[in-house]
Q: 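Before I ask anything, here is the structure I am working with.
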Amino acid sequence: MTIENKSPESEYQMLMQEGELKPDPDQARAVAELERLHRELTNYPEIKINSHPFPINTRWLSHFFKQSGNSKNAPKGIYLHGGVGRGKSMLMDLFYSVAQLKSKRRVHFHEFMLDIHARLENWHSLSAKERTQRGSRTNDDDPIPAVARQIANEATLLCFDELQITDIADAMVVSRLFENLFNYGVIVVATSNRVPDELYKNGLNRQRLIPFIERINEVLKIVPLDGPTDYRYDRLKGARTYFYPVNEETTTKLSETFFRLTDRRVEDRAKVPTEELNVQGRLLFVPKAARGVAVFSFKRLCANPLGSADYLAIARTYHTVIMVAIPQLTEENSDEAIRFVTFIDALYEHCVKFLCSAAVPPQSLYTAGDGSFEFDRTVSRLMEMQSEDYLTRGHGKTIAN
């Protein structure tokens with residue numbers, strides 16, 4: 001079946017027939033909305049905004065999109081919200097895979113905001129002439145319209161996984177950024193653990209985010225997805241998450257768990273994609289990643305000079321992390337032990353599911369050397385991260401919550 005003949009409904013029914021999913025009224029309602037949007041986007045014009053030496057009136061553009069094209073109004077996007085493991089990301093990915101728009105982008109929201117801040121910083125480094133060439137007034141110090149125009153030119157459809165606002169820097173930007181994007185006619189599909197009205201709840205200067213929340217409620221269809229089955233936990237239930245020693249048998253079992261979590265066939269292991277995370281202007285390579293699950297070797301993350309910013313980016317981006325080949329640590333590689341502690345702290349604070357293969361049990365990972373006493377806390381966390389209570393927590397929810 002070609003992509004032209006596929007739709008969210010047909011793909012969902014195929015998963016049902018193959019036994020990958022159970023009957024779920026919430027999912028069925030969400031699929032109906034995704035099917036609606038899929039059809040409404042069939043003849044939706046790809047956005048292409050020409051560079052212009054004068055500021056573009058986005059209010060006029062909004063009026064243009066409402067009065068011209070193939071429909072009187074831009075289709076309503078979709079905001080899927082609900083508990084962990086209910087299939088939000090899976091359904092959005094299913095929709096994205098069959099969307100026929102050529103200019104589309106699927107990205108974790110945290111990664112998207114890192115990209116936005118990098119673009120804003122780059123804009124501030126431009127000369128007045130360069131800003132004018134990109135469509136800004138020479139005396140205009142506001143980069144947001146220009147950055148929004150860049151994004152709109154790159155993607156008519158934006159699909160965000162795990163939309164959440166966690167810091168003031170994002171809160172200060174998103175309202176005006178998305179006002180521009182929506183006025184340009186960008187269509188948004190997003191997943192979140194929270195309803196829009198609870199985004200950045202009790203956050204500093206939250207009033208700056210209120211216009212964004214109001215626009216989300218206005219231009220996106222808010223769809224709850226809180227069915228009875230936690231599919232993510234269902235696939236981990238009863239499975240080991242900490243494997244030792246490191247050998248062919250434990251590696252095979254860990255690999256099987258990865259493919260079960262990502263709905264991929266073992267035979268397609270060569271086709272699992274790589275990714276890159278933007279960390280403060282640097283690119284962090286992710287060897288294997290699919291459906292919010294990332295795979296790293298211990299050596300890549302802890303033998304290299306990485307730090308808390310790298311580990312936090314991983315923790316915010318992926319709901320599950322698999323680490324392979326953790327060695328028994330000694331005084332000779334105490335730096336690696338310290339990095340491992342920082343890494344586990346980042347995962348734990350963001351309730352990331354952690355699976356690994358290691359040379360020895362957690363209690364024997366690091367028993368002597370600098371920081372061995374502090375490592376006891378890491379051992380305790382590794383034990384807790386295997387518990388049912390931890391595995392059923394939502395990604396991104398801190399332990400204090």
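Along the sequence shown, residues are numbered consecutively beginning with 1.
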Q: Report, as yes or no, whether the 6.0 Å neighbourhood of atom CD on E121 holds more than 12 heavy atoms from other residues, nucleotides or ligands.
A: no
Q: If you measure from CG on L355 to CZ on F243, what distance do you get to the nearest 0.5 Å?
A: 6.5 Å
Q: Go through the steps to decide whether M323 and F340 satisfy the test side chain to side chain contact (heavy atoms under 4.5 Å, CB included), and finish with yes or no.
A: CA-CA 11 Å; M323 176 176 276; F340 183 68; 3.8 Å; yes
Q: Closer than 3.5 angstrom, by distance alone: can the side chain of N217 be matched with the main-chain N or O of E214 as a donor-acceptor pair?
A: no
Q: Is the shortest distance from a Lys or Arg side-chain nitrogen in E249 or K253 to a carboxylate oxygen in the other one below 4.0 Å?
A: yes
Q: May I ask you to decide if E9's main-chain N or O and H38's side chain share a donor-acceptor pair within less than 3.5 Å?
A: no
Q: Between L158 and A155, what is the shortest heavy-atom contact and its length?
A: CD2-CB, 3.9 Å
Q: Between Y79 and S192, do the side chains contain a donor N or O and an acceptor N or O under 3.5 Å apart?
A: yes
Q: Below 4.5 Å, heavy atoms only, C-beta onward: do L209 and I165 meet side chain to side chain?
A: yes
Q: For the side chain to side chain contact (heavy atoms under 4.5 Å, CB included) test, which of L382, V324, I326 pairs with C356?
A: I326
Q: Measuring only between side-chain heavy atoms, which start at C-beta, is N304 closer than 4.5 Å to L301?
A: no
Q: Side-chain contact test, heavy atoms from C-beta onward, threshold under 4.5 Å: evaluate it for R29 versus P25 and give yes or no.
A: yes
Q: Which pair of heavy atoms, one from I49 and one from A152, lies closest together, and at what distance?
A: CD1-CB, 4.0 Å
Q: Is there a side chain to side chain contact (heavy atoms under 4.5 Å, CB included) between L37 and K76? Walk through the geometry before answering.
A: CA-CA 7 Å; L37 179 57; K76 266 202 167 190; over 6 Å; no
Q: Are the charged groups of R381 and E349 less than 4.0 angstrom apart, N to O?
A: yes
Q: Given R206, which of I210, N202, L204 fulfils the side chain to side chain contact (heavy atoms under 4.5 Å, CB included) condition?
A: I210
Q: So how far is it from E331 CD to T367 OG1, rounded to the nearest 0.5 Å?
A: 10.5 Å
Q: To the nearest 0.5 Å, tell me how far L277 CG sits from H110 NE2.
A: 8.0 Å
Q: Please list all pairs passing the ring pair (Phe, Tyr, Trp, His ring centres under 6.0 Å) test where one or both residues lie in residues 194-215, with sequence neighbours left out.
A: F178-F212
Q: Starting at CG of L94, measure out to NZ of K6 and round the result to the nearest 0.5 Å.
A: 10.0 Å
Q: How are the rings of Y348 and Y390 set to each other: parallel, tilted or perpendicular (split at 30° and 60°)?
A: parallel
Q: Of the non-hydrogen atoms in A148 and N180, which two are nearest, and what is the gap between them?
A: CB-CB, 3.4 Å
Q: With a sphere of 6.0 Å drawn around CD of E248, does it hold more than 12 non-hydrogen atoms of other residues, nucleotides or ligands?
A: no
Q: Do F298 and E336 have side chains that get closer than 4.5 Å, going by heavy atoms?
A: yes
Q: Determine whether the side chains of E46 and S103 contain a donor N or O and an acceptor N or O closer than 3.5 Å.
A: yes
Q: Can M113 and V174 be said to form a side chain to side chain contact (heavy atoms under 4.5 Å, CB included), step by step?
A: CA-CA 9 Å; M113 291 308 300; V174 293; 3.7 Å; yes
Q: About how many Å separate OG1 of T274 and CD of E276, when rounded to the nearest 0.5 Å?
A: 7.0 Å
Q: Does either side chain, that of N183 or that of R215, offer a donor lying less than 3.5 Å from an acceptor on the other one?
A: yes
Q: State whether the number of non-hydrogen atoms from other residues, nucleotides or ligands found under 6.0 Å of Q280 atom CD is greater than 12.
A: no
Q: For the side chain of N153 and the backbone of Q150, is there at least one donor-acceptor N/O pair under 3.5 Å apart?
A: no
Q: Step through the shown structure and confirm whether more than 12 heavy atoms of other residues, nucleotides or ligands are within 6.0 Å of OH on Y242.
A: yes
Q: Verify side-chain hydrogen bond (donor to acceptor under 3.5 Å, both in side chains) between Q27 and Y12, making sure each step is shown before the conclusion.
A: CA-CA 9 Å; Q27 282 194 354; Y12 181 72; 3.1 Å; yes
Q: Do the ring planes of F343 and Y311 sit parallel (below 30°), tilted (30 to 60°) or perpendicular (above 60°)?
A: perpendicular
Q: Ignoring hydrogens and geometry, is there a side-chain-to-backbone donor-acceptor pair from T392 to E388 under 3.5 Å?
A: yes
Q: Counting only heavy atoms not in R208, do more than 12 fall under 6.0 Å of its CZ?
A: no
Q: Are any non-hydrogen side-chain atoms of L312 and V279 less than 4.5 angstrom apart?
A: no
Q: Answer with yes or no whether the side chains of N247 and T250 bring together a donor and an acceptor at under 3.5 Å.
A: yes
Q: Could you check whether any side-chain N or O of K104 sits under 3.5 Å from a backbone N or O of Y96, counting only pairs where one atom can act as donor and the other as acceptor?
A: yes
Q: How far does CE of M92 sit from CZ of F160, to the nearest 0.5 angstrom?
A: 9.5 Å
Q: Give me the atom names and distance for the closest heavy-atom approach of H395 to A315.
A: NE2-O, 2.7 Å
Q: Report yes or no: is the cationic atom of K288 (NZ for Lys, CZ for Arg) closer than 6.0 Å to the six-membered ring centre of F258, at no more than 45° off its axis?
A: no
Q: Just by distance, do the side chain of T191 and the backbone of E162 share a donor-acceptor pair under 3.5 Å?
A: yes
Q: Using side chain to side chain contact (heavy atoms under 4.5 Å, CB included) as the criterion, point out the one residue from T241, L391, V321, I322 that pairs with K353.
A: L391
Q: For E384, is there an ion pair with R393 - N to carboxylate O distance below 4.0 angstrom?
A: yes
Q: Under 4.5 Å between any side-chain heavy atoms of I222 and I216, yes or no?
A: yes
Q: Can you tell me if T342 and S308 form a side-chain donor-acceptor pair at under 3.5 Å?
A: no
Q: So that I can tick it off, tell me whether R119 and D115 are bridged by a salt bridge, with the cut-off set at under 4.0 angstrom between side-chain N and carboxylate O.
A: yes
Q: Would you say H108's side chain and R316's backbone share a donor-acceptor pair under 3.5 angstrom?
A: yes
Q: Could you tell me whether a side-chain N or O of T156 sits under 3.5 Å from a main-chain N or O of I47, the two making a donor and an acceptor?
A: yes
Q: Would you please test E275 and Y318 for side chain to side chain contact (heavy atoms under 4.5 Å, CB included) and show each step?
A: CA-CA 11 Å; E275 292 184 353; Y318 301 104; 2.5 Å; yes
Q: Considering non-hydrogen atoms only, spot the tightest contact between R36 and G77 and give its length.
A: NH2-O, 4.0 Å
Q: Between D161 and K88, does any side-chain N to carboxylate O distance fall below 4.0 Å?
A: no
Q: Would you say E218 and F182 make side-chain contact, with heavy atoms under 4.5 Å?
A: no
Q: Does any part of the side chain of V223, heavy atoms only, come nearer than 4.5 Å to the side chain of H81, both counted from C-beta?
A: no
Q: Please report the shortest heavy-atom distance between S357 and A325, naming the atom on each side.
A: OG-N, 2.9 Å
